[in-house]
Amino acid sequence: MSAKGERAKRSLSSSFQPYLRVIFFVPATVLLIFLVVYPALQTLLLSFYHPPGAFARLDNYGSVLGNRQTIDTSDWSIPYGTLVNNFLWIAIHLPLSLFTGLYLALTLQKVRGASIVKSFIFLGMVTPMIVGGIILRFLFDEKSGIVPRAFGLLGISGLAIQWTAYPETLLFGLIFGSVWLWVGFSLIVYSAGLTTIPRDYFEAAQMDGASAWQTFRKVTWPLLRPTTLTVVTMTILWELKLFDIVFAATNPNGGVGGAADVLALQMFRYAFMAGNFNDAAVVATLLTGLTLLVSTWMFKRIIIGKGKNAGRLERALRRLWARAKPQGSVLKA
Amino acid sequence: MLVVVVVALLLVTNVATGLAVYYLAPATPAPTVQPLRVIGPWSASEKDKFLPVLNLFKNTTGINYEYITTRQEDLQSLLPNWFAARRAPADLIFMPSSFVKTYGTQGHAADLAGTVSESNYAAGALDPLKDGSKIYGGAYTGKVKPGFWYRQSFFAAHNYQVPTTWTGFEALLRQIETDGSVNNTPIISGDGVGWPLSDVVEHFLATYGGPDMNKQIMAKTLPWTSTSVHDVFANYLVRTLTPGVVCVASCWSAPRQWDTGVAEWWKGDYALYFMGSWITGMVTPNSDIRVMPLPGGVNPSGVVFAADYFFVPTYASRLNDAKRLAAFLGSSAAQQLQVTVGGHIATVTGVPLSAYPAVDARIAANLTGKVILSDLDDTIGGTFQGTFWTQLQALWANPSNLNAVLTNIQAAMPP
């Protein structure tokens, strides 16, 4: 091709590029606007109105947050209310799943046939949570369940009971029981994270005479930080939108006295059992707000970065982009 | 240039695929007639006993049907969304009376005033479905919740006597517990989403508070927190629930899945089971089953009769055929066939007593002199039901919490 033809080609290509960007950008934007942004704004708007359509200011928020279904700390006994229950899930389920997954990933790192064991553990993750809830119900059955039976064999008669029939055992049983359903996630993510740490670091630590704990504390744990952030964020998001497992293990009211009730279940009841879409919108907005808080925190820590890791990922992305950039391209990094 | 070529290729292949599908795909098959869809709550053996009635309708009219089992608790949340879209999942649906009336008055249920004949029914049977001259549904057969079921052979083997006073009832429970004739507690508590416990409570209220107590609670003129209601709970039910009062442990088991509980009770793990009369169709041989109402109550006491109500959604795809089925289900022909298999009691007149199995005839005899009451939580309906059920579960877990439970139940009552 002549130099003139080459120039014409470049000119056509460069003039077409902005349109191409728009062509690829528009469908996703349109879909996002109609399927995410518009419904989200409508939900937000709905939460500020009374059912007949009168502006309610913050009345709906006041009534939902003031409802004992949401927060019940009157005597600090179960039920605590949906909002407190969701935080209890985060406080108990998150560390248990995270550290169990990490421990298993570290333990199985150098074990032969570990992938088979990991697959079995990961089965809980691929099991639909609605099925998981039903399995938990059977696990806690006084007659056929393995959990009461095990406590019975250990001579702990106070726990050899129908776990779903008592508020305390129901709530904590579901939280502990669901760890095995979710631990596969942290196991797999941590296993992947461990493969990204260069072996030289461990060898250097070994040569310096570091103990196993020191190696973990000074090498493994800091380098798994982005992985931990991912596990923490995804687990919190799961715990906030928790619905199916509680619904299947109990009933639409969160079981005995509402002991295991959670925000998503409360939203479901408002919307689809009471037909009160305004209060349901309040709960939905609260859930979205909490989810956004977690997502924003995650975004700041990993994508933008803070402290000594500030901009690390961004710089890495820029380097990658610069390497992939074709010579002579008009695209700007 | 490459980009232009790729985009052009994409366009050409898309157009070519579209044309090929349009012209080469096989012709759309001729539309088949959808069967008449019926949604009911019965599954397993209960469903097997209902299908002959639908088969009779099919043979008589030539209208094919499809029966789908769905729990009414699930339909409570699903149907409003169907109605909002002006659609319905079936042509005839069984739901509690409060739901039928609520959505009927909003225009989602067809008026069956000219379809089901009120004169066919026992007096007042359709009242919960009526709004002025409009009738938004029909009543199929019903079940009573007459008391505690037991095996006659089990009582005979252990020389237990049916009590005639509350003190005698307490003594019987204590005797069953101390004899060790059962592996567990004297009474098994049924559970599902919680409704079996509400049947127990209604029976206690109707017996020791009298039928008017149930009626006043349903009419919202008597609060759950009133002294009279509290006393029925405290002096009777809670005594049997609290460890160390009547029984050393609780006289009641922790709530267990009600249908698996039937088998456990029948094989002798428990002595007594409070359940609706449908239980007679779930045990073999049912000639051994007997029922005892709570003894020593107000005279006359009440007994809950829960009819199975159905309605035809306004949006039924086969509205006229659905109305024909509604008329059929409200006929003595359909209900007579249903009662013969046991566990059902007709709501229409004209079904002879001879059509009932012996066990149901005995139940009918037990009703003599009692005030017939509608199901309390079905009648109040709405979100009250769910709260009522879970609060009763909480009472079973901790009977000393009675006051809080009654306060929560009262708070859930609709205005």
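Sequence lines set the chain letters: A, B, ... in the order given, protein chains first and strands last, and positions in each chain run from 1.
Most heavy-atom pairs under 4.5 Å with chain B, from the set A:Pro252, A:Gly255, A:Gly258: that is A:Gly255.
For B:Asn398, no part lies near chain A; criterion is any non-hydrogen pair under 4.5 Å. With a 4.5 Å cut-off on non-hydrogen atoms, B:Asn184 touches chain A through its side chain but not through its backbone.
A pairwise comparison of heavy atoms in A:Val256 and B:Ala397 identifies CG2-CB, 4.2 Å as the closest pair. When all heavy atoms of A:Phe268 and B:Ser77 are compared, the pair lying nearest together is CZ-OG, 3.6 Å. Smallest separation of non-hydrogen atoms from B:Ala254 and A:Glu142: CB-OE1, 4.4 Å. Across every non-hydrogen atom of B:Thr383 and A:Ala274, the tightest pair is CG2-CB, 3.5 Å.
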A:Asn251 and B:Glu73: side-chain contact (heavy atoms from CB on, under 4.5 Å), yes or no, with the steps?
CA-CA 9 Å; A:Asn251 55 38; B:Glu73 300 91 79; over 6 Å; no

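Side-chain contact check for A:Gln162 versus B:Asp191: every heavy-atom pair is 4.5 Å or farther apart.
For the atom pair CD (B:Glu264) and NZ (A:Lys143), the distance works out to 5.0 Å, reported to the nearest 0.5 Å. Rounding to the nearest 0.5 Å places CG of B:Asn408 at 5.0 Å from CZ of A:Arg68.
In this structure, A:Ile146 places its CD1 atom where only 12 or fewer heavy-atom neighbours from other residues, nucleotides or ligands lie under 6.0 Å away.
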